[in-house]
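In what follows, a structure is listed as structure tokens, so that the remarks can point back to it.
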Amino acid sequence: MQAQHLALDTLRAQGDAAISLRALAKQLGVSAPALYRHFSDRDTLLAELAIGGFETLTDRLRAVGQQTPRKALIEIGLVYVNFAQEEPNLYRLMFGGRVLPMGVHPRLDAAGKSAFKVLENTVANARQLGYLKPSSVSLITAAAWSLVHGLSQLTIDGHLPGAKAEPMLTEGVLSLLLDGSRSDENKQSQQDLTP
């Protein structure tokens, strides 16, 4: 819908505070009541934008190859951080909770869980194959998410350099979570020795 595209452009340029249904209606040349038929209120429109953001993020996370667990974990983290750096205002809307608290928009909650599930499955696979410490999957997933979320927030807020200024920072930070006792090369050489 045209209103959603215009709202996304406004969000990208000015943040969620600049979005109002009346202003969008005026820009689109329609009456405010016409727009209210599609979105019951401003938060419903913002929730739709955040759902779209989670769907894009989930698609990018799912596109990461899972053949090499260690690489998959790092790549998923890179995808997450890159998404935040490409879409800082959308990212803030998706994860801020200030405007769209959990439990208010069930479709938004489900979209967020879909993205989280990709990370959780990748962690479970890496843990099972010995690339992570033998802690619970939920604990490791929470640690991994905290790590990428914190790194994302710090880079988009300017407290840490972004990928263009410091290309290896993200990968270096993400690799700290890995156990280090098992690398992909060790696994390959073990497989080579197996008859």
Side-chain angles (χ1 to χ4, degrees), residues 8 12 49-96 102 106-157 159-195:
L8 184 57
R12 285 175 171 150
L49 296 178
I51 289 167
F54 275 118
E55 289 170 348
T56 299
L57 177 59
T58 301
D59 288 346
R60 290 182 186 182
L61 294 173
R62 286 182 179 149
V64 171
Q66 295 289 319
Q67 299 80 7
T68 310
R70 184 179 196 284
K71 184 177 177 186
L73 282 170
I74 291 173
E75 287 295 317
I76 278 185
L78 290 170
V79 165
Y80 188 100
V81 174
N82 287 339
F83 177 84
Q85 291 175 354
E86 290 169 14
E87 296 279 3
N89 287 333
L90 180 57
Y91 179 84
R92 287 181 183 105
L93 177 66
M94 291 162 56
F95 290 102
M102 291 283 294
R107 285 185 54 241
L108 176 56
D109 295 344
K113 286 178 185 169
S114 291
F116 182 79
K117 194 70 177 165
V118 177
L119 173 62
E120 187 175 53
N121 291 341
T122 304
V123 165
N125 185 39
R127 183 190 171 280
Q128 180 182 2
L129 295 173
Y131 288 91
L132 296 169
K133 295 177 180 176
S135 299
S136 74
V137 170
S138 61
L139 178 62
I140 298 170
T141 304
W145 186 25
S146 299
L147 185 70
V148 295
H149 182 73
L151 182 58
S152 296
Q153 198 67 50
L154 289 167
T155 59
I156 66 175
D157 287 344
H159 300 294
L160 286 174
K164 290 180 184 174
E166 189 67 49
M168 298 307 293
L169 175 68
T170 301
E171 188 170 343
V173 169
L174 296 173
S175 65
L176 293 175
L177 187 63
L178 298 168
D179 187 7
S181 64
R182 181 170 188 169
S183 70
D184 296 322
E185 292 79 25
N186 291 347
K187 184 181 177 197
Q188 184 61 44
S189 61
Q190 288 172 353
Q191 287 175 344
D192 292 342
L193 297 173
T194 306

Derivation and outcome, side chain to side chain contact (heavy atoms under 4.5 Å, CB included), residues Asn125 and Tyr131: CA-CA 9 Å; Asn125 185 39; Tyr131 288 91; over 6 Å; no

State the [atom1]-[atom2] distance between [X] and [Y], to the nearest 0.5 angstrom.
X      : Y      : atom1 : atom2 : answer
Glu87  : Leu49  : CD    : CG    : 10.5 Å
Arg62  : Asn121 : CZ    : CG    : 9.5 Å
Lys113 : Glu120 : NZ    : CD    : 11.5 Å
Arg70  : Leu132 : CZ    : CG    : 10.0 Å
Arg60  : Ile76  : CZ    : CD1   : 14.0 Å
Ser114 : Leu119 : OG    : CG    : 13.0 Å

Criterion side chain to side chain contact (heavy atoms under 4.5 Å, CB included) on Leu57 and Met94, from CA distance to verdict: CA-CA 11 Å; Leu57 177 59; Met94 291 162 56; 4.2 Å; yes

Contacts of type side chain to side chain donor-acceptor pair (under 3.5 Å), residue Ser138, not counting sequence neighbours: Ser136

Taking all non-hydrogen atoms of both residues, which atom of [X] and which atom of [Y] are closest, and how far apart?
X      : Y      : answer
Gly53  : Phe83  : O-CZ, 3.7 Å
Pro69  : Leu129 : CG-CD1, 3.5 Å
Thr155 : Gln85  : OG1-NE2, 3.2 Å
Ala126 : Leu73  : CB-CD1, 3.4 Å
Arg12  : Asn89  : O-ND2, 3.1 Å
Ala72  : Gly65  : CB-O, 3.4 Å

Kindly list each side-chain donor-acceptor pair under 3.5 angstrom involving residues 139-151, sequence neighbours excluded, with atom names and distances?
| from | atom 1 | to | atom 2 | distance (Å) |
| --- | --- | --- | --- | --- |
| Thr141 | OG1 | Val137 | O | 2.7 |
| Trp145 | NE1 | Tyr80 | OH | 3.1 |
| Ser146 | OG | Ala142 | O | 2.7 |
| His149 | ND1 | Tyr80 | OH | 3.3 |
| His149 | ND1 | Tyr91 | OH | 2.5 |

Heavy-atom side-chain contact between Leu90 and Thr56 under 4.5 Å: no

Identified side chain to side chain donor-acceptor pair (under 3.5 Å) counterpart of Thr122 within the set Glu75, Arg127, Gln66: Gln66

